[in-house]
Amino acid sequence: MTKVKPTELVFVCFVLFHGFVAALNCTSPTPKSLFDALERDLFPEKLVRPVKSFSDPINITISITVVGILGVNEKSQTLTTVLWQVLEWDIHGLSWDEKECGTTSVSVPRENLWVPDVHIAEFMDEDKSPKTPYVYLYNTGRVFDDKPIRVVSSCRLVIYTFPFDIQNCSLTFGSYLHFAVDIRMIQGSTSEEILEESREVLQTNGEWELANITVGSVTLELEEGDYSEIKYYIILRRRPLLYVVNLLIPSCFLITVDLLSFMLPPQSVDRSSFKMTLILGYTVFLLIMNDLLPVTGDTTPLMNVFFSLSLALMVTSLLETVFITNIQFSSSQYSAVPHWLSVLVLRYFAVVVCLPPKKKSNPVTVFFNPSAREPATSSSMTNISVSHLESISGDKTPVKPPSCPLGPVAPPEPALEELRKLSRHLMAIRLQIDKHCQGSKTSEEWQMIGIVIDRLLFGLYIVFIAVSFITILCIWVWNNSFLA
C-alpha cells in the first residue's frame with residue numbers, strides 16, 4: 001500500500017478547513033505565468049465543489065435569453081427553442097492581483113474546472129447545439145459560463161382556441177444530482193430584462209411570437225432530499241393570419257353562399273344540385289387544408305367544431321331541400337298530417353319564424369233537396385238542387401210537363417231553353433273551378449309545413465353564422481390584447 005506523505009496530508013487538511021485555494025502568485029504579468037499558477041493551484045481541484053466546507057452550498061446564478069423559437073409540435077406536445085444559458089458561480093478563496101498577473105479575466109478550458117450539472121427537467125431530446133469549450137475566469141474567483149443550447153422540451157399544449165391560442169411552456173433549470181444543501185439555484189436577470197433582451201435578439205419570425213416570460217424559484221421535494229430549481233415560463237402567441245386567410249375566410253364564403261341559396265325556390269331542382277355542388281366543394285376544401293389543422297388527441301380545437309357544424313348544416317339544408325321538393329310534387333298522395341306535428345310546426349314554429357298561418361277560406365256548401373222556404377243565409381253558401389246536379393251530369397231525362405185539363409200548354413220558347421242550358425253549363429264550370437282552387441287540405445298542410453321548416457332552417461343558419469363570427473372576433477381581440 002502506498003504511504004501518504006505528511007506534506008500531502010497537511011495540504012488536504014488545509015484545503016478542507018481553511019479554504020479551497022489560496023491567492024495566486026504570478027512571477028510576471030504574462031499569460032504563461034498566470035496559467036502556470038492556475039495549473040498548479042486550481043486545475044488539480046476540479047473534482048470537488050469549490051467551497052470552504054462540505055456543508056456549505058454553492059450558489060449558481062442562472063440567466064437565459066430566448067434566441068429562436070423553432071417550432072411547436074402539437075402531435076408530440078413539444079416545444080423547440082434556442083437559448084443562451086449563462087451560469088455564474090464563485091470559487092472560494094481564488095483571487096489574483098491584476099497588476100501582478102496582468103489581467104482581470106482569462107478564458108480557460110471547461111474541462112479544467114468544476115462545472116455544475118445543471119439540466120432542464122423538461123428535456124425530451126439530445127442537445128444538438130454547438131459546444132463551447134471555454135469559460136471565463138475572473139480575478140475575484142467568479143466563473144462565467146455562457147453557452148447556446150437547443151432545447152426540445154415537453155409542453156402541455158392547449159389548442160382549443162386554435163389558431164388564436166396562447167401557449168405557456170415551462171423550462172425548469174436545476175441540478176440533476178446535487179441536493180439543495182449542495183447546490184442552490186439563484187435567479188439572475190429579472191423577467192422584464194430577459195423579455196426585453198430576448199425580443200431584441202430573437203432571430204425567428206415564423207408562426208410563433210414571444211408574448212411574455214416569467215420566472216420564479218421552486219423547490220422539488222422528494223423523500224431523498226430537496227432540489228433547488230429555477231422555473232421559466234415562456235408564453236408564446238400564435239400568429240393567426242395564415243389560418244384566417246387560408247381556412248376561415250374561404251369557409252365563411254362557402255357558408256354564406258349556401259345561406260343565400262335559400263333564396264332559390266324550394267321546388268326548383270336547381271337548388272338541390274346547387275347545394276350538392278357546395279357540399280362537394282367544401283369537402284374538397286377541408287381535405288386540402290387538413291395539413292394546416294393541429295393533430296392531437298387531448299382536446300378538439302374550436303375551429304374543427306366550426307367546420308364540422310358548417311358541414312352538418314350544409315347536409316341538413318340539402319336534406320331539407322329534398323324533403324320540400326318531395327312535398328311539392330307528392331303531397332297529394334300523403335296521408336293526413338299528424339295532429340302533434342301540425343300543432344308543433346304550424347302553431348308554434350310558424351310564430352317563431354314570423355310566418356302566421358293562412359286564414360281558412362269559407363267553403364262553398366251544397367245543399368241537396370233544400371227547402372224552398374229556407375232562404376240563403378250567407379253569400380258564401382250556394383243552394384243547388386238535386387235536379388240541377390242531375391241536369392249537369394246528364395243522367396236525368398227531361399221531365400214531361402204535366403197535362404192540364406183546361407187545354408193544351410204552349411211549347412217553351414227556344415230562347416228560354418237555351419238560357420237554361422247555359423245556366424247549367426255555367427254552374428258545372430263554377431263547381432269545377434271551386435274544387436280546383438280549394439285543393440286538398442292535406443296537401444296544403446304538408447306544403448305549409450315544408451315552408452315553415454325551410455324558414456326555420458334559414459333562421460338557424462343566420463344565428464349560427466352570427467354567433468360564429470362574434471366568437472371568432474372576440475377570441476381574436478383577446479389574443480391581440482394579451483400581446484399588448
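Residues: numbered from 1 along the sequence shown. Side chains included, hydrogens not; waters and symmetry mates left out as well; all remaining heavy atoms used.
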Using every non-hydrogen atom in the two residues, find where [X] and [Y] come nearest and quote the distance to one decimal.
X: Met263; Y: Phe458; result: CE-CZ, 4.2 Å
X: Met448; Y: Leu346; result: CG-CD2, 3.4 Å
X: Val452; Y: Phe349; result: CG1-CB, 3.7 Å
X: Thr132; Y: Pro148; result: CG2-CD, 3.7 Å
X: Tyr232; Y: Ser63; result: OH-CA, 3.8 Å
X: Asp146; Y: Trp84; result: OD1-CB, 4.4 Å

Closer than 3.5 angstrom, by distance alone: can the side chain of [X] be matched with the main-chain N or O of [Y] as a donor-acceptor pair?
X: Ser228; Y: Met185; result: yes
X: Arg271; Y: Leu264; result: yes
X: Asp117; Y: Leu177; result: yes
X: Trp96; Y: Thr103; result: yes
X: Asp125; Y: Val152; result: no
X: Arg156; Y: Cys169; result: no
X: Arg239; Y: Gly206; result: yes
X: Asn246; Y: Leu242; result: yes
X: Gln77; Y: Glu74; result: yes
X: Arg49; Y: Asp56; result: yes

Got a second to check how far [X]'s [atom1] is from [Y]'s [atom2], nearest 0.5 Å?
X: Leu259; Y: Cys252; atom1: CG; atom2: SG; answer: 12.0 Å
X: Leu313; Y: Tyr461; atom1: CG; atom2: OH; answer: 5.0 Å
X: Ser198; Y: Glu193; atom1: OG; atom2: CD; answer: 11.0 Å
X: Asn168; Y: Ile234; atom1: CG; atom2: CD1; answer: 9.5 Å
X: Ile465; Y: Leu460; atom1: CD1; atom2: CG; answer: 11.5 Å
X: Leu292; Y: Leu286; atom1: CG; atom2: CG; answer: 11.5 Å

side-chain contact (heavy atoms from CB on, under 4.5 Å) evaluation trace for Phe464 with Leu309: CA-CA 9 Å; Phe464 170 74; Leu309 290 178; 3.7 Å; yes
Parallel, tilted or perpendicular: ring planes of Tyr243 versus Phe162, cut at 30 and 60 degrees: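 Taking Phe162 first and then Tyr243, their aromatic rings stand perpendicular (interplane angle over 60°).
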Tell me whether the rings of Phe285 and Phe307 are parallel (<30°), tilted (30 to 60°) or perpendicular (>60°).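 Perpendicular: the ring planes of Phe285 and Phe307 meet at over 60°.
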Is it the case that [X] and [Y] place a side-chain donor and acceptor less than 3.5 Å from each other?
X: Ser261; Y: Lys275; result: yes
X: Thr104; Y: Asn139; result: no
X: Gln187; Y: Ser217; result: no
X: Glu122; Y: Ser170; result: yes
X: Asn212; Y: Tyr233; result: no
X: Tyr282; Y: Ser251; result: yes

Is there a side-chain contact (heavy atoms from CB on, under 4.5 Å) between Leu137 and Leu94 once you walk through the steps? CA-CA 10 Å; Leu137 182 62; Leu94 176 64; 3.7 Å; yes
Whether over 12 other heavy atoms sit under 6.0 Å from [X] [atom1]:
X: Phe144; atom1: CZ; value: yes
X: Met276; atom1: CE; value: no
X: Phe253; atom1: CZ; value: no

Would you mind reporting whether Met303 and Leu248 have side-chain heavy atoms less than 4.5 Å apart?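 A side-chain contact exists here, since the closest heavy-atom pair is under 4.5 Å.
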Validation row: Leu113, Phe43 side chains within 4.5 angstrom (heavy atoms):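 Yes, their side chains come closer than 4.5 Å.
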Assess whether salt bridge (Lys or Arg N to Asp or Glu O under 4.0 Å) is satisfied between Arg238 and Asp165, documenting all intermediate values. CA-CA 6 Å; Arg238 192 193 300 265; Asp165 51 331; 2.7 Å; yes
Answer yes or no for Lys147 and Tyr134: cation-pi contact, defined as NZ/CZ to six-membered ring centre under 6.0 Å and angle to ring axis within 45°.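 No, cation not above the ring by the 6.0 Å, 45° rule.
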